[in-house]
Amino acid sequence: HSYLPPKTSSAQLQRYDIQPVIAYIEEHFCEKITLQELSALTGLTPTYFSTLFKQIVGISPWNYISSKRIDKAIRLICSSECQLNILQIASECGFQNSANFNKTFKKFTGITPSEYRTNRSFEIS
């Protein structure tokens with residue numbers, strides 16, 4: 001039997017300040033981040049924190065971190081000054097291996113990093 005926390009009202013959500021978590025992610029998204037680290041910033045259990053984060057932000061903590069990493073990867077891929085290869089970009093953006101980077105990149109953009117680099121007509125948002 002799994003535990004399901006009771007529904008959290010919007011008034012209850014407002015009393016939780018996740019800004020320190022957002023700030024931490026903004027500063028450290030290229031590093032290894034654990035759910036325990038993030039939940040410790042709020043004083044909540046990892047499971048409840050994850051549920052609460054999704055209710056407040058609209059996506060899971062992992063998808064939020066991944067979106068930050070992919071945004072940085074896109075900027076690096078599109079940068080004329082960046083001479084890094086795809087594996088180096090993956091590492092620079094916090095991905096542990098190229099397979100995970102390629103899978104996550106395709107999930108967010110619909111194409112692989114190499115395809116993105118080849119087709120420079122994409123806009124950076």
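Values in this document were obtained by computation on a predicted structure and should not be read as measured data.
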Quick one: list whatever passes side-chain hydrogen bond (donor to acceptor under 3.5 Å, both in side chains) with Lys72, sequence neighbours left out. none

Rounded at 0.5 Å granularity, tell me how far CZ in Phe95 sits from CG in Asn102. 9.5 Å

Once rounded to the nearest 0.5 Å, what's the spacing between atom OG of Ser98 and atom CD1 of Ile89? 12.5 Å

Got a sec, which residues hit ring pair (Phe, Tyr, Trp, His ring centres under 6.0 Å) with Phe108, two or more places apart in sequence or on another chain? none

Would you tabulate the side-chain donor-acceptor contacts of residues 40-47 under 3.5 Å, counting partners in other chains and residues two or more places apart, or write 'none'?
| residue | atom | partner | partner atom | Å |
| --- | --- | --- | --- | --- |
| Thr42 | OG1 | Ser39 | O | 2.8 |
| Thr42 | OG1 | Leu44 | N | 3.3 |
| Thr45 | OG1 | Tyr48 | N | 3.2 |

Can you see which heavy atom on Ile111 is nearest to which on Glu115, and at what distance? CB-OE1, 3.2 Å

Apply the side chain to side chain contact (heavy atoms under 4.5 Å, CB included) test between Pro61 and each candidate in Leu38, Ile18, Val21; give the one that qualifies. Leu38

Judged by atom type as modelled, is there a donor-acceptor pair below 3.5 Å linking the side chain of Ser67 to the main-chain atoms of Tyr64? yes

Measuring from Ile77:CD1 to Ser114:OG, what's the distance to the nearest 0.5 Å? 8.0 Å

Heavy-atom donor-acceptor pair, Ser79 side chain to Arg75 backbone, under 3.5 Å: no

Going by the rule salt bridge (Lys or Arg N to Asp or Glu O under 4.0 Å), which residues pair with Glu31 if we only count those two or more places apart in sequence or in a different chain? none

Report the distance from atom OG1 of Thr104 to atom CD1 of Ile65, rounding to the nearest 0.5 Å. 11.5 Å

List the atom of Lys68, the atom of Ile25, and the distance in Å for their closest heavy-atom pair. CG-CG2, 4.5 Å

Looking at every heavy atom in both Leu76 and Glu92, which two are closest together, and how far apart are they? CD1-CG, 3.8 Å

Identify the two heavy atoms, one from Phe101 and one from Ile70, that lie closest to each other, and give their separation to 0.1 Å. CE1-CD1, 4.2 Å

Heavy-atom side-chain contact between Arg69 and Phe105 under 4.5 Å: no

Listed partners of Asn97 passing side-chain hydrogen bond (donor to acceptor under 3.5 Å, both in side chains), at least two apart: none

Restricting to non-hydrogen atoms, name the atom on His28 and the atom on Ile33 that form the minimum distance, rounded to 0.1 Å. O-CD1, 3.4 Å

Got a donor-acceptor contact below 3.5 angstrom from the Glu27 side chain to the Tyr24 backbone? no

State which residues pass ring pair (Phe, Tyr, Trp, His ring centres under 6.0 Å) with Phe29; sequence neighbours excluded, sorted by chain then number. none

Nearest heavy-atom pair of Phe53 and Ile59: which atoms, and what distance? CD2-O, 3.3 Å

To the nearest 0.5 Å, what is the distance between CZ (Phe49) and CD (Gln36)? 11.0 Å

